[in-house]
Visitor: 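Got a structure for you, questions after.
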Amino acid sequence: MTKLIAGNWKMNGSLAANEALLSALAGGLPTALSSAPCDVAVCIPAPYFAQFQALAATMPALAAVALGAQDVSGQSAGAFTGEVSAAMLKDFACRYAIVGHSERRQYHGETDALVAAKAQQALAVGITPIVCVGETLAEREAGTTTEVVKRQLAAVIHANGHCISEIVLAYEPVWAIGTGKTASPEEAQAVHAVLRAQLAAATEHASRVKIIYGGSMNAANAAILLAQPDIDGGLIGGASLKVADFLSIVSAAAA
Ligand code: 13P
């Protein structure tokens, strides 16, 4: 299947920095995508959506980059101060929304049920949720990795029924995020296979659900991770802010 490389800029960027990054990305993408197709997205802070749209209108190569959000409300509209609804994201032609990133679960107390509601809101307007699951270091050391990721995914399957085949699933071991420590290709593949099997029990279309890996993926390790049979792409934090590195990862995925 076509791989997906999605950058997660997290809370980084400015009007000037974004313009520089996106124009460099637009400049390098035609070469990076020359051998094979690859879906590319950038999940940027919501205040810059209009800037992305304006730049995309003047840089044809940015048509190859889908716009993504880093979060979405679990509610559809109303008195929820500070929240951004799925319909608002859709107004800016947003194609993806990350939900359940470990930083949201950890710093904002997001529960499995809330993450499932967020995925539901995104799907309802035709935005693909990138549902993040992953264990902490303590959970891995306690031998509960499988149990944790299955519990996190089960909540999303339960709330979304047959629409589950429309999600992108991201396995992001918390201990590998921003630490420079990557899961080995074998460790990542093992968890991806567990997740694929869980999806297969819920939908006959499990084989077409993209299961992407995130956690210190970079230009040096992308190719070997992406070569695993159940790793269908990457969710890239730090390296997505360095255009040359991000383009190398796209090239590895488009090989
Ligand atoms: P890093 O690539 O910086 O480890 O971040 C991964 C991540 O959290 C992507 O969502």
Side-chain angles (χ1 to χ4, degrees), residues 3-13 17-18 21 25 38-46 48 65-72 89 94-108 110 114-115 118-119 122 127-137 139-140 145 148-149 152-153 156 167-185 187-189 191-192 195 210-226 228 231-253:
K3 290 193 165 47
L4 167 65
I5 298 298
N8 174 7
W9 289 6
K10 307 195 179 184
M11 197 171 71
N12 293 293
N18 303 346
L21 195 160
L25 190 57
C38 170
D39 295 338
V40 179
V42 286
C43 299
I44 73 175
Y48 297 123
V65 181
L67 178 61
Q70 298 172 13
D71 187 26
V72 63
L89 301 180
C94 184
R95 295 256 306 280
Y96 297 96
I98 296 173
V99 300
H101 192 280
S102 62
E103 288 149 16
R104 305 271 339 152
R105 293 180 190 261
Q106 189 178 348
Y107 306 135
H108 302 272
E110 293 194 5
L114 178 57
V115 173
K118 290 179 173 213
I127 289 175
T128 302
I130 301 177
V131 176
C132 300
V133 300
E135 81 288 2
T136 62
L137 184 58
E139 288 163 341
R140 174 159 282 265
T145 298
V148 169
V149 299
Q152 292 172 332
L153 177 57
V156 181
I167 73 166
V168 167
L169 187 56
Y171 170 53
E172 295 210 310
V174 179
W175 48 271
I177 294 177
T179 58
K181 267 190 179 176
T182 322
S184 69
E187 284 170 331
Q189 166 58 30
V191 177
H192 282 232
L195 295 169
K210 288 187 194 351
I211 308 181
I212 65 178
Y213 170 82
S216 298
M217 191 186 269
N218 58 39
N221 62 27
I224 177 92
L225 284 160
L226 294 168
Q228 302 308 306
I231 300 187
D232 307 316
L235 185 53
I236 321 297
S240 73
L241 299 170
K242 300 179 197 143
V243 177
D245 291 16
F246 191 64
L247 286 168
S248 295
I249 298 170
V250 171
S251 301

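In each ligand, atom 1 is the first atom listed, and ligand 1 is the first ligand listed. Just the heavy atoms: all of them, side chains too, but no hydrogens, waters or symmetry mates, feed the values below.
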Visitor: Under 4.0 Å from a heavy atom of G238: which atoms of ligand 1 are those, numbered in the order shown and with their elements?
Guide: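 Heavy-atom distances to G238 below 4.0 Å select 1 (P), 2 (O), 3 (O).
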Visitor: Ignoring hydrogens and geometry, is there a side-chain-to-backbone donor-acceptor pair from Q70 to N8 under 3.5 Å?
Guide: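 The answer is no, because no donor-acceptor pair under 3.5 Å joins these two groups.
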Visitor: Among protein heavy atoms, which lies nearest atom 2 (O) of ligand 1, and at what distance?
Guide: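 I find the closest protein heavy atom is G237 N, 2.9 Å.
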Visitor: Can you give the donor-acceptor pairs under 3.5 Å from side chains of residues 243-251 to other protein atoms, not counting sequence neighbours?
Guide:
residue : atom : partner : partner atom : Å
S248    : OG   : A244    : O            : 3.1
S251    : OG   : L247    : O            : 3.0

Visitor: Between H192 and D232, is there a side-chain heavy-atom distance shorter than 4.5 Å?
Guide: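 No, side chains not in contact.
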Visitor: Which atoms from ligand 1 have a heavy atom of S216 less than 4.0 Å away?
Guide: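 By the 4.0 Å cutoff, the relevant atoms are 1 (P), 2 (O), 4 (O).
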Visitor: Taking only heavy atoms of E172, which atoms of ligand 1 are found under 4.0 Å from at least one of them?
Guide: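 Answer, ordered by atom number: 6 (C), 7 (C), 8 (O), 9 (C), 10 (O).
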Visitor: Mark yes or no for whether E110, through its side chain, and Q106, through its backbone, hold a donor-acceptor pair below 3.5 Å.
Guide: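 Not confirmed, E110 side chain does not pair with Q106 backbone.
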Visitor: Kindly write out the residues that satisfy side-chain contact (heavy atoms from CB on, under 4.5 Å) with R95, not counting sequence neighbours, or none if the list is empty.
Guide: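 Listed in chain order: A66.
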Visitor: G215 heavy atoms, cut-off 4.0 Å: which ligand 1 atoms fall inside?
Guide: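 Selected atoms, number and element: 4 (O), 6 (C).
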Visitor: Side chain or backbone of N8 under 4.0 Å from ligand 1, or both, or neither, by non-hydrogen atoms?
Guide: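 Side chain only.
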Visitor: Counting each atom of ligand 1 from 1 as listed, which ones have a heavy atom of G178 under 4.0 Å away?
Guide: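 So the atoms of ligand 1 that pass are 1 (P), 3 (O), 4 (O).
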Visitor: Without swapping roles, check the side chain of S216 against the backbone of A176 for a donor-acceptor pair under 3.5 Å.
Guide: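 Answer holds: yes.
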Visitor: Please state whether A176 comes within less than 4.0 angstrom of ligand 1, counting heavy atoms only.
Guide: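 Yes; A176 lies near enough to ligand 1 that a heavy-atom distance drops under 4.0 Å.
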Visitor: Checking side-chain polar atoms at under 3.5 Å, does E172 have a donor or acceptor matched by the opposite partner on H101?
Guide: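 Distance-only check passes for E172 and H101.
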Visitor: Need the ligand 1 atom indices (1-based, order shown) with element for anything under 4.0 Å from a heavy-atom of L235.
Guide: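 Once the distances to L235 are compared, the set is 9 (C), 10 (O).
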Visitor: Run the numbers for me: atoms of ligand 1, each under 4.0 Å from some heavy atom of H101, listed by number.
Guide: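 Within the 4.0 Å cut-off of H101, ligand 1 contributes 7 (C), 8 (O), 9 (C), 10 (O).
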